[in-house]
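Chain letters run A, B, ... following the sequence lines, proteins first and then strands; every chain starts at 1.
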Amino acid sequence: MTEEKRAHRPDLVLAGVPIWKGFLDEAAQRALLGEVRQVVRAAPMFSPRTPGGKPLSVQMTSAGRYGWYSDRQGYRYLPHHPSGTPWPEIPPEALDIWRTLFPAARAPDCCLVNLYRDGARMGLHQDRDEADFSQPVLSISLGDAALFRIGGPERRGPTRSVWLESGDVLALTGPSRLAFHGIDRIRFGSSRLLAGGGRLNLTLRVVD
DNA sequence: AAGTCTCA
DNA sequence: CCTG
């Protein structure tokens with residue numbers, strides 16, 4: 001982690017979303033990546049489907065008390081990996097970032113891990129499967145750059161875009177907690193953090 | 001329903 | 001080709 005005072009002043013606020021560019025230096029990124037590999041070892045990535053049966057282009061897994069899941073039954077949080085094994089612990093390096101940026105928030109009980117390989121995207125959506133919208137959602141980017149799009153609390157409405165790079169952190173918090181957001185494009189191979197390319201995104205949140 | 005396609 |  002870089003200097004603590006940076007943590008309290010985002011480098012950029014886009015549509016109410018605070019963004020800390022380069023919050024994690026390369027050493028911190030590698031340390032966190034090592035912890036994420038442990039998570040994936042214990043809870044392998046899977047490919048969720050929309051309730052309509054269409055596969056998402058991202059692969060995902062989770063850590064913590066809950067993990068996000070979707071299939072024809074709908075979007076929800078599960079207390080176990082779909083294989084039945086428990087979700088592993090939330091990476092301590094990610095918890096540190098949460099505590100630094102949101103010392104007054106409740107402890108996160110889920111760390112969703114999304115893997116974007118070449119061509120993966122995430123359509124505009126809200127994070128609204130949690131019980132308490134007063135708690136932030138914290139996003140950490142690792143690996144290839146991604147074009148992030150952020151709008152307002154309603155699906156129709158203007159959006160802004162920003163490239164997120166490895167080590168960047170942002171938060172959906174306060175008035176932007178229910179903002180529609182998504183990933184339009186991955187600049188595949190733009191980072192050498194992940195062997196073979198791709199982007200990992202960690203999102204910490206309070207589920208219940 | 002977090003997808004995907006089309007068009008201007 | 002890119003953006004919305």
Mind checking salt bridge (Lys or Arg N to Asp or Glu O under 4.0 Å) for A/E89 and listing every partner two or more places apart, or none if nothing turns up? none

Side chains of residues 201-208 of chain A: which donor-acceptor partners sit under 3.5 Å, not counting sequence neighbours?
unit_1	atom_1	unit_2	atom_2	d
A/N201	OD1	A/S139	OG	2.9
A/N201	OD1	A/R199	NH2	3.2
A/T203	OG1	A/R205	NE	3.4
A/T203	OG1	A/R205	NH2	2.9
A/R205	NE	A/T203	O	3.4
A/R205	NH1	A/Y77	OH	2.5
A/R205	NH1	A/E130	OE2	3.2
A/R205	NH2	A/D127	OD2	2.8
A/D208	OD2	A/Y66	OH	2.6

Applying the Watson-Crick and G-U wobble criteria at under 3.5 Å, what pairs with B/dG3? Answer none if nothing qualifies. none

Inspect the contact between A/D144 and A/R187 and indicate whether a charged nitrogen and a carboxylate oxygen are less than 4.0 angstrom apart. no

Salt bridge (Lys or Arg N to Asp or Glu O under 4.0 Å) with A/R99: which residues, sequence neighbours excluded? A/D96

Under a cut-off of 3.5 Å for both distances of each Watson-Crick or G-U pair, what dot-bracket string does DNA chain C give, using [ ] for crossing pairs and | for inter-strand pairs? ..||

Starting from A/V13, walk the hydrophobic network (Ile, Leu, Val, Met, Phe, Trp, Tyr; side-chain heavy atoms closer than 4.5 Å) and list everyone else you reach, by chain and number. none

Taking side chain to side chain donor-acceptor pair (under 3.5 Å) as the definition, give me every residue that meets it alongside A/R106, ordered by chain and number, with sequence neighbours left out. A/D132

Who passes ring-ring contact (aromatic ring centres under 6.0 Å, His included) against A/H80, sequence neighbours left out? none

Nucleotide by nucleotide, nucleotides 2-7 of chain B touches protein heavy atoms under 4.0 Å in the pattern (B base, S sugar-phosphate only, - none) BSS---

Counterpart residues, salt bridge (Lys or Arg N to Asp or Glu O under 4.0 Å), relative to A/R76 (two or more places apart): A/D71

With a 3.5 Å cut-off and sequence neighbours excluded, list the donor-acceptor pairs that the side chains of residues 159-167 of chain A form with protein atoms.
unit_1	atom_1	unit_2	atom_2	d
A/T159	OG1	A/R149	NH1	3.4
A/S166	OG	A/Q29	OE1	2.6
A/S166	OG	A/G143	N	2.9

Close N/O contacts between protein and nucleotides 2-4 of chain C (under 3.5 Å):
unit_1	atom_1	unit_2	atom_2	d
C/dT3	OP2	A/R185	NH2	3.1

By the ring-ring contact (aromatic ring centres under 6.0 Å, His included) test, which pairs, at least two apart or in different chains, include something from residues 81-112 of chain A? A/F46-A/H81, A/H81-A/W87

